[in-house]
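Encoded as structure tokens, the structure appears first; notes follow it.
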Amino acid sequence: MKALITTLIFFPGFWLYAQKTDSVKILEEVTIRSYEANRPILQVPASVGLVMNSDLQRFSNTSLVSALNNLPGIRMEERSPGSYRFSIRGSSLRSPFGVRNVKAYWNELPLTDPGGNTYLNQLDANAINQIEIIKGPGSSLYGAGTGGVLLLKSPRPENESLVSASWMSGSYGLKNYQLSLSQGNKNTSHYVGYQHQQSDGYREQTRMVRDQLNSTFRFSFSDKEELETAIFYTDLYYQTPGGLNEAEYKANPRQARPAAGTQPGAVAQQAGVSLRSFYTGVSHQYHFTKKIHNRTGVYGNFVQFNNSAIRNYERRLEQNFGARTVTDFSFLIKGWKATFQGGGEFQHGYSPVKNYQNLGGYPGLLQSDEEIRTLQYNVFGQGEMSKENWIMTGGLSVNWVSYNLLQLNRAPALEQEVNYNPVITPRVALLRKINEAFSLYGNMSWGFSPPTLAEVRPSNGVFNTTLRPEKGTQIEIGGKGYFANRKFFVDMALYHFVLDETIVVRRDEDGADYFVNAGATNQNGLEVLFNWQPDISSSILSSFKLWSGITLNQYEFKDYVKDNVSFSGNQLTGTPKEVITGGADFVFAKGFYLTLTANYTSEIPLNDANAVFAKAYTLVGAKAGYKNQLSNKHPFELFAGADNLLDETYSLGNDLNAAGGRYYNAAFRRNFFFGLKMGIDFSAKN
């Protein structure tokens, strides 16, 4: 399979290299916002993964999974359509589902709730224009967390007025419809979009339906002042089939979890999640002078969450709000340019939670009635000194987290509270520009990651006040740059990460989750990304791009003993040792295009004892299309594609350390999609 990937990646490049060249095609350098840098990626002393809209368009764009999994060090899993897990450098160890230990922001406002959970399934991939991913602790500017930071940006139209509509259909009942309006000029920009998506899923009990309406608006009052709003409403329902043991998985990977003993199956309990979410945020920017700037934003997020699980039926009404402010100022000190940022972030959450018996998908007798309050805030600062080819950065934050649980179904009511003492998390970094096209850097960062609310109060219903925060230290060196007249780009990072008080998931016999601290881990990794866009001269091809990513992990438990059995030296659960990705993008002269992608993932340990491994797999995909215009005002696109062309049977969302060996959630086999996009461009001239 590795040979297949190598052939797919490099053979087209050898053919193109033989062609004569006279046109110039260069890789464009992108400005990023990570660590408040707002500068080219070559001048950021950290490993930052970048997904552009063009990367999302290589796939059906019904989810972020395939595009994110092409980045070195990143893994996004899908247990069933709509149910995701996201990992940066092995951070999914503590996530039975969802996104934990990774802080997410949408248009620079917190998307992660105060309890540490992120509903990535709230967002439509069509409403995301760019994603930046900070790998490793980002606590110096983004608060508590050791996994990393996810920065999501909405489209920001400029000099256009476009109405567009799209329709797509595919295997296993896939349907996707979208309607959007994009308007922008020098002073304002507005994007509003509606999306409907549904799928029957590959397995039994995996139907998904999502409707989303989102809008972003930017208005410049003057050269000094700007206001930006961001709003979305999501109505999502997805079924949860449950994990299969090895015998069930081999016999019929499409089945939902069957009944076992007195425990009913997923179909009988109509297992699924209903989520309605309304998010609104407002940000204000003001330039007091050319050297002093402030950005302050506030947000509110309201989530109605119902979970019909095999064990019980849960109803939550999450009410979260918060604010973030950053002030930066710059000045000169003896030829050095100095830039400082300071600010803070505050988040508060209140959630009434009730659990009932699950009577075939309907709530039965009340089992628990609780009110949960969450408070999280941090203060941060960062300084940067730059001169000629040197950039030095230092920053730190102080973080506070507390949870309060009031159990109302007891007499008298029982109140419990857990507070995590303030922790200082610094970061230092140094970058040396070798020339205008290449730089080397090194950094050291410390992270503090308190247990999330879902870990302090897991699905077994026990409020765990003894769970301790994780603390991590990462040392990283790397280099990135352009070669061959900026046609070739390389980004390489080598890191060592030590995590103490590692939090891992356990499952009891009836499938409920609970969490424990499991000693420490050593995590060593190498990540390499290549992009090549050569000059070509052909009557057939107008442009060509070749890319590849390599992830090599050596992740091991250290000082980890469970029930008098030592797991020290074992491979970290849920993390593959090798991931190799690659592909080629062809744009033909007459408006046709073709993209080829491949992903090889090595075997994955499914329990801490390393007694069971998910087998390695190779995914190959393709997408072809035709772009043109019916007139200057009517652009359109026809496209078709396929995923998993090798028809692999594999599990993309494994349940780690699952009771009864129910590790496996089978992913889609070979599947196809096709669609149409049309638009009316009111800004185009006749």
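Only this structure's heavy atoms are used, side chains among them; waters, hydrogens and symmetry mates stay out.
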(Q) According to salt bridge (Lys or Arg N to Asp or Glu O under 4.0 Å), who are the partners of Glu108, at least two apart in sequence or on a separate chain? (A)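 Salt bridge (Lys or Arg N to Asp or Glu O under 4.0 Å) check on Glu108 returns Arg33, Arg295.
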
Q) Mind checking what makes salt bridge (Lys or Arg N to Asp or Glu O under 4.0 Å) contact with Arg218, not counting sequence neighbours? A)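 Testing Arg218 for salt bridge (Lys or Arg N to Asp or Glu O under 4.0 Å), a comparison that skips the adjacent residues, returns Glu226.
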
Quick one: does [X]'s side chain get under 4.5 Å of [Y]'s, heavy atoms only?
X: Pro451; Y: Tyr420; answer: yes
X: Glu384; Y: Tyr35; answer: no
X: Leu526; Y: Met492; answer: yes
X: Phe86; Y: Leu64; answer: no
X: Pro157; Y: Gln183; answer: no
X: Glu36; Y: Thr339; answer: no
X: Trp547; Y: Arg58; answer: yes
X: Asn61; Y: Asn126; answer: yes

**Q.** Residues Asn101 and Ser449: side-chain donor-acceptor under 3.5 angstrom
**A.**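 On atom types as modelled, these side chains qualify, holding a pair under 3.5 Å.
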
**Q.** Side chains of Asp491 and Ser47, donor plus acceptor under 3.5 Å
**A.**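 Result is no, nothing qualifies.
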
Is there a donor-acceptor contact under 3.5 Å from the side chain of [X] to the main chain of [Y]?
X: Ser222; Y: Lys224; value: yes
X: Ser602; Y: Glu578; value: yes
X: Gln122; Y: Tyr119; value: yes
X: Asn517; Y: Arg468; value: yes

For [X], what residues pass the side chain to side chain donor-acceptor pair (under 3.5 Å) criterion, not counting sequence neighbours?
X: Ser34; value: Glu132
X: Thr551; value: none
X: His348; value: none

[X] [atom1] to [Y] [atom2] distance, which is reported to the nearest 0.5 Å:
X: Ile74; Y: Leu68; atom1: CD1; atom2: CG; result: 7.5 Å
X: Leu552; Y: Leu494; atom1: CG; atom2: CG; result: 10.0 Å
X: Asp328; Y: His287; atom1: CG; atom2: NE2; result: 8.5 Å

**Q.** Electrostatic pair Lys135-Glu476, nearest N-O below 4.0 angstrom
**A.**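 Result for this pair is no, no salt bridge flagged.
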
Taking atom [atom1] as the centre, does [X] end up with more than 12 heavy-atom neighbours from other residues, nucleotides or ligands that are less than 6.0 angstrom away?
X: Lys153; atom1: NZ; answer: yes
X: Ile424; atom1: CD1; answer: no
X: Asp223; atom1: CG; answer: no
X: Lys480; atom1: NZ; answer: yes

Q: Please test Leu152 against Leu123 for side chain to side chain contact (heavy atoms under 4.5 Å, CB included), starting from the C-alpha separation and ending with a verdict.
A: CA-CA 10 Å; Leu152 304 160; Leu123 297 176; 3.6 Å; yes

Q: Could you give me the CA-CA distance, side-chain angles and deciding distance for Trp106 and Tyr299, then say whether ring pair (Phe, Tyr, Trp, His ring centres under 6.0 Å) is met?
A: CA-CA 10 Å; Trp106 188 51; Tyr299 83 95; over 10 Å; no

Q: Take Thr327 and Asn294, measure what side-chain hydrogen bond (donor to acceptor under 3.5 Å, both in side chains) needs, and give me the verdict at the end.
A: CA-CA 4 Å; Thr327 299; Asn294 173 268; 2.7 Å; yes

Q: Any chance you could lay out the side-chain hydrogen bond (donor to acceptor under 3.5 Å, both in side chains) test for Glu345 and Tyr105, step after step, and finish with the verdict?
A: CA-CA 12 Å; Glu345 187 174 297; Tyr105 291 81; 2.8 Å; yes

In terms of the angle between their ring planes, are [X] and [Y] parallel, tilted or perpendicular, with boundaries placed at 30° and 60°?
X: Phe488; Y: Phe530; value: tilted
X: Phe219; Y: Phe217; value: parallel
X: Phe438; Y: Phe483; value: tilted

Q.
The test is side-chain hydrogen bond (donor to acceptor under 3.5 Å, both in side chains); show your working for Thr601 and Asn599 and say whether it passes.
A. CA-CA 6 Å; Thr601 301; Asn599 179 308; 2.8 Å; yes

Q) Quick one: salt bridge (charged side-chain N to carboxylate O under 4.0 Å, His left out) pairs with a partner in residues 42-54, sequence neighbours left out? A)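 Residue pairs with at least one partner in residues 42-54: there are none.
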
(Q) For a side chain to side chain contact (heavy atoms under 4.5 Å, CB included) check, start with the C-alpha distance between Phe586 and Leu596, then their side-chain angles and the critical distance, and finish with the verdict. (A) CA-CA 9 Å; Phe586 301 85; Leu596 303 173; 4.2 Å; yes

**Q.** Ser154 and Asn107: CA distance, side-chain angles, deciding distance, side-chain hydrogen bond (donor to acceptor under 3.5 Å, both in side chains) verdict
**A.** CA-CA 7 Å; Ser154 297; Asn107 297 317; 3.0 Å; yes

Q: Under the side chain to side chain contact (heavy atoms under 4.5 Å, CB included) rule, what do Met385 and Lys387 come out as? Steps first, then yes or no, please.
A: CA-CA 7 Å; Met385 302 285 288; Lys387 183 179 182 180; over 6 Å; no

Q) Is the Lys NZ or Arg CZ of Arg89 less than 6.0 Å from the centre of Phe497's six-membered ring, within 45° of the axis? A)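 Cation-pi check for Arg89 and Phe497: fails.
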
Q.
Under the side-chain contact (heavy atoms from CB on, under 4.5 Å) test against Gln130, which residue among Leu151, Asn53, Leu50, Val51 passes?
A.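 Testing each of Leu151, Asn53, Leu50, Val51 against Gln130, the sole residue satisfying side-chain contact (heavy atoms from CB on, under 4.5 Å) is Leu50.
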
